[in-house]
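Numbering starts at 1 and runs along the sequence shown. Whatever order the structure lists them in is the order used to number ligands and atoms, beginning at 1.
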Amino acid sequence: MLLFLRIISAFLCVNALQDVALNSDNGVEWVVHNVNKSILIPAKVPGGIYSDLVDAQILKDDVYYKSGDEDYRWVAYESWTYERNFTVPVDWTVENKETLIFHGLDTVAEVILNGVQLSPAVDNMFLRHSLNVKGILKYDGLPNHLVVQFGSPVKTALERSHSWPRVVPDCVPASYHGECHANLIRKTQSSFAWDWGPAFPSSGIWKDVELLTYNVAILRDVTVQTEKTDQYVNNRRIWLAKFVLHLEAVAPHAAVEGVGRVVLFIADAPGGMITGEMKVGPTNANEDGELDVEITLRVSEEIISLWWPNGMGQQTLYQAVASFNTSSSSGFAEESTLKKVNIGFRTVELDESQVGKNGLTFLLKINGYAMFSKGSNWIPPHALPEMTSAVNGREMTKDLLSSAKEVGINMLRVWGGGNYESDYFYDLADKMGILIWHDMMFACSMYPTVASFLDSVKVEVKQQVRRLQHHPSIVIWAGNNENEVALRQNWYGTGANFSSYVKDYALLYNLINTTLLNEAPDAIFLFSSPSNGIAMRDVTGPIADDPQSRYYGDIHYYNYLADGWNPGTYHLCRFASEYGFQSLPSMETLRTAGPAADDWGVNKAFFQRRQHHTGGYQEMIIAIQRHLEMPSNTESEEGMSRYVYLTQVNQAMSLKTETEVYRRGMSIIKDDGDGQFLGATMGALYWQLNDIWQAPSWATLEYGGKWKMAHYYVANFFSNLMVSPWVTDYDELQVYLLSTRPNVEEHVVLDCQLSIKIYQWSDPCLLKKQTITSKLISGVGEPFKTVDPGLKDHYPFSAQVNVSSDGVALFVWLEAQGVRGRFSDNGFLLVAGDEDEICRRSNSVEEQATMCVELQGHPRCSVLHNSVRRFTGQRAGNHSVPANMKSFTRTLTFYFRDKPEDSTLLRQSITVTHLLS
Ligand code: BMA
């Protein structure tokens, strides 16, 4: 049975315009088969081949189960054909433009309707393809037969490597267990494997399909620039909202006549809205059949509130409805299309001002205020693109972004080896105040410059920017991930042909730059990350002498060999857009990947296959051994469980240490002795927020959304106001009070009480306590109001949990097995509370190891790296609790994601792991 759904979201049909969705309805119309049809199964559209094969039980398990990435690899070597029949509704009339629109085809495909191959060619999963079906489409109840034949992405890339000029690297490192030549195909680059992810080179119709016919023109996209002017009316500043309505006419140079309109809903405006209108034509579309209609609205600052990043204020959004109505004088019935976008009023600047002899700052100013960018890097939350779509990926996306917001993240970098995400993702980022640094989807590779490739990239950038530009959250665009530094440092053996690679590099990223600025003239565009920023590009050209310079732009910093707990390991820079440490996800999450009893062990095939970063397990072991006692045997479930915990402790401590160096760097400008100044650090985006599957990685959120210990630490090291104690190389204790509220003229003076408490490892007693009362000068109180993080929405239920210990307990880790949610704190140091007396004194300095610094009642205890001796995991000696001391207790809250059947069951599901000195 054929069923048609009217699309109501994007298009509103008035008259002539005709539009039906060709998505599947319960998976019955579409089928998919391999070449010899030995497999012929129902298919889902939007969807993908791996999901279809799992649904049909051809693949027996979830793709991530056991060695699915290896066992199911054959799927990527097959060619898959999707087919369906359909008829157009009986009342349809023949129109000027008849087009089949695929909003996403993954990746290289031939589309055939009624035996006729449609054009243009399809070979980029990031494109919307609009295929002409005029003269091919059958009306009057006659059946249409639609076929989409995908070539194997792996074979296509391989074939291109033979026919295109060589572009390195050929393959990902062997430890990734991946496929070769991902750079020759416009597809999620990590789908051929990455150092944190499996290869699932997918095929499929991963976004909506629709059949659309019309006679004159439709509104396709809306971009908008909000500009703060220097004009005033009644002493109130005027903002401009410059809308561009991007129309698609029926053909190149076709005449278009009609009216464009914008209605901007603002409650305080007269009548609750501001409107604008622009009469068009008759005007001819350009050679691509496109026509832009510009409508500028003037908005007084009196009636709007600004949009602020998370932690700096509210995220006020206003809905704009843009529409285009063709005029009946064009000889056809009126056609009307509309689009709704949410917009925000905010300004964004990248400040690159001189620091010292040669350096420049690299800081974002939002609404005129310099902000410290606190955040992380976003990778695809699932290897199958259909799982991340606005339909299937909603829950996962919302959960991950909420977890980012809750810990004070105000920026995420959408990393260049992944995807341009769903509209839903950016809508949420807008609502949550999470700024987006958006890479274009190029990573860790050189790229071809053959004409067809460049043409496709140009369309990709144009379409994606038009789709995404209106989001106030998107503040920076970058051309790629690490390609500039790779070229400069000869990662892939480009040295012998350096100048030719530089030429190709400049060609590709200049093209991207121009295309982006055409669509978004006010966009901030960096060629790469890391880079020396924009101003230096004019000096050095596209490839900086040192893209990792600490005096310019952003850096990526990894050092797995040094002591990650030692602040001295890290260097000040202007902005760290990547840095991180591996850990393993919880045993609970690992178990969902199905290891058998004898699979547990870092040297076992199961865990070796999941570790793509060469030497990763060993690096973690060495890092752990510096401060903690490694279990003697990691080749058992018990040993792994201990190892997992310790890797999480190490990751949490190392990330905290490094991030605090950067946060302290915000107020440091230090002469490096050469007239250059280090410091003025204004950003820390750690690698990486989320996981793609259950495996060792740098993520702080596990696949499935569970918080690793490090994620709890993020909440502390990204808090707006924090205490950051550290011990210098000269054994001096320095305590920084850090505020990410920017300094502006009207300071707010906070009375601040700082308590320093010293404990010794071997005894539960407080050794020393010193309290300092001081005044902390912070930024403005308004508009940086504390905003409710909206926990209620995300966690509708909560329960209290008490934890107690009779000794100083370190890295106390609570897990609620089988219950989705999180604790109010975790991985903490459990020490005596204020009421406990100083019950023993010691003059031994080595014993002064644990320190709590308290700022206005927010206890923050730190383990100081250079006073730490090996924690054995066993209590050393036999310390009885002094009679006048209560056991140490802490009350925590558990926030449930789902309604608990019985919250008393929570207690039974909790396990506690910790170290005692
Ligand atoms: C960075 C990233 C990724 C990678 C990560 C960890 O350089 O850009 O390519 O996954 O390091 O190695």
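Residue contacts with ligand 1 for Q688 are absent, since no atom lies close enough (heavy atoms, distance under 4.0 Å). Under 4.0 angstrom from ligand 1, the non-hydrogen atoms of E578 all belong to its side chain.
The protein atom (non-hydrogen) at minimum distance from atom 6 (C) of ligand 1 is D195 OD2, 3.3 Å. In this structure, the protein non-hydrogen atom closest to atom 7 (O) of ligand 1 is E482 OE2, 2.3 Å. Atom 5 (C) of ligand 1 has as its closest protein heavy atom W687 NE1, 3.4 Å.
Annotation for ligand 1: atoms under 4.0 Å from non-hydrogen atoms of N481 are 8 (O), 9 (O). Of all the atoms in ligand 1, the ones that sit under 4.0 Å from a non-hydrogen atom of W196 are 10 (O). Less than 4.0 angstrom separates some heavy atom of C444 from each of these atoms of ligand 1: 9 (O). In the vicinity of W194, heavy-atom distances shorter than 4.0 Å reach the ligand 1 atoms 3 (C), 4 (C), 9 (O), 10 (O).
Of the options Y713, Y686, W687, Y712, a side chain to side chain donor-acceptor pair (under 3.5 Å) to T700 is made by Y686 and by none of the others.
Ion pairing of R550 with D546 is absent here, as no side-chain N (NZ or NE/NH1/NH2) approaches a carboxylate O to less than 4.0 Å.
Using a 30° and 60° split on the angle between ring planes, H612 and Y176 fall in the parallel class, below 30°.
Among the atoms of H556, none of the N or O lies under 3.5 angstrom from an N or O of ligand 1. An N or O contact shorter than 3.5 Å is missing between W698 and ligand 1 by distance.
Cation-pi geometry between R488 and F498 is not met: the NZ or CZ atom fails to fall both under 6.0 Å from the ring centre and inside 45° of the normal.
A distance below 6.0 Å separates the ring centres of Y426 and H438. Ring to ring, Y72 and Y50 are not that close: their centroids are 6.0 angstrom or more apart. For F192 and H181, the gap between ring centers reaches or exceeds 6.0 Å.
The structure places CG of L454 at 9.0 Å from CD1 of I512, a figure rounded to the nearest 0.5 Å.
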